[in-house]
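Take a look at the structure below.
One-based numbering, in listed order, for ligands and for the atoms of each. Model, not experiment: these values are computed from the prediction.
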Amino acid sequence: MQQRTPLIAGNWKMHKTVDQARETARQLAALAADADGVEAMIAPPFTALAPVAEVLGQGPVRLGAQNLFHEDEGAFTGEVSAPMLVSAGCRYVIIGHSERRQYFGETDRTVNLKIAAALRAGLRPIFCIGESETEREAQKTFSVLDKQVRKGLEGLSLAQLTPLVMAYEPVWAIGTGKAASPQQAQEVHAFVRSLLAEMYDTALAQSVRILYGGSVKPANVRELMALADVDGALVGGASLDAGTFSQLINYRK
Ligand code: PEP
């Protein structure tokens, strides 16, 4: 069976000044120094990327960004490109988070362009998908996810997708304290993996890490990480405090 290194990724959203970000990163680097085969990543706001990269250095915690624009450079005021993120020290970038889709007009098409841009620059995209509460209640979960995955990966070849990471984040579970049940999470993760097998091949489907996101906390991380198709977590609120986030990174201990 394929071994997938678990990834615990923190999304700091629009939190922390440069000084606060540096301090949290410093604490986290110490607390995550010996994470027992688990990879850790934090995604601070753009302003803190380069300073946090300096703090993290070659240590155990990787750096990611929360978004990018799909062009590499040009007259796009206010945007940040994939090569810029690489130059700031990023290895990962979160793409298509439901807050981006909800508040900033991101669509399956823009998500697709962003994933392609990340891959071109050598960044690992963390491609977020998830259904709303209304869609789940209307039994549309699988059709919504099917469309998000197919459109998000449109035109991308098998060879390009080796660095891909997926994140299933039910919108109703983000920041609500109401995580998906282990059964709900496993069912969706297995579905996404089989969809990747159908669209590409079994080897890719078995190697892609599928993270769960939505109210992951120290109290529920172990039961989620024990699921066959859950390969990590994308964490919002519980990633802001180094002590709490390190408990997630160290879930195996
Ligand atoms: C997120 O924003 O990706 C997220 C999962 O948030 P939280 O952990 O706070 O639910």
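- By the 4.0 Å N-to-carboxylate-O rule, D229 lies close enough to R193 to be salt-bridged with it.
- For residues 172-188, the set of pairs meeting the salt bridge (Lys or Arg N to Asp or Glu O under 4.0 Å) definition, not counting sequence neighbours, comprises E133-K178.
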Pairs of donor and acceptor atoms involving the side chains of residues 50-62, under 3.5 Å and at least two apart or interchain, shall be tabulated with distances.
{"unit_1": "R62", "atom_1": "NE", "unit_2": "E39", "atom_2": "OE2", "d": "2.9"}

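- Every protein residue with a heavy atom nearer than 4.0 Å to ligand 1 is included here: N11, K13, H97, E169, A173, I174, G175, G213, G214, S215, L234, V235, G236, G237.
- Of the candidates V111, V93, V165, V111 is the only one forming a side-chain contact (heavy atoms from CB on, under 4.5 Å) with F127.
- K147 pairs by the salt bridge (Lys or Arg N to Asp or Glu O under 4.0 Å) definition with D108, not counting sequence neighbours.
- Test I210, D146, T141 against F191 for side-chain contact (heavy atoms from CB on, under 4.5 Å) and you get one pass: D146.
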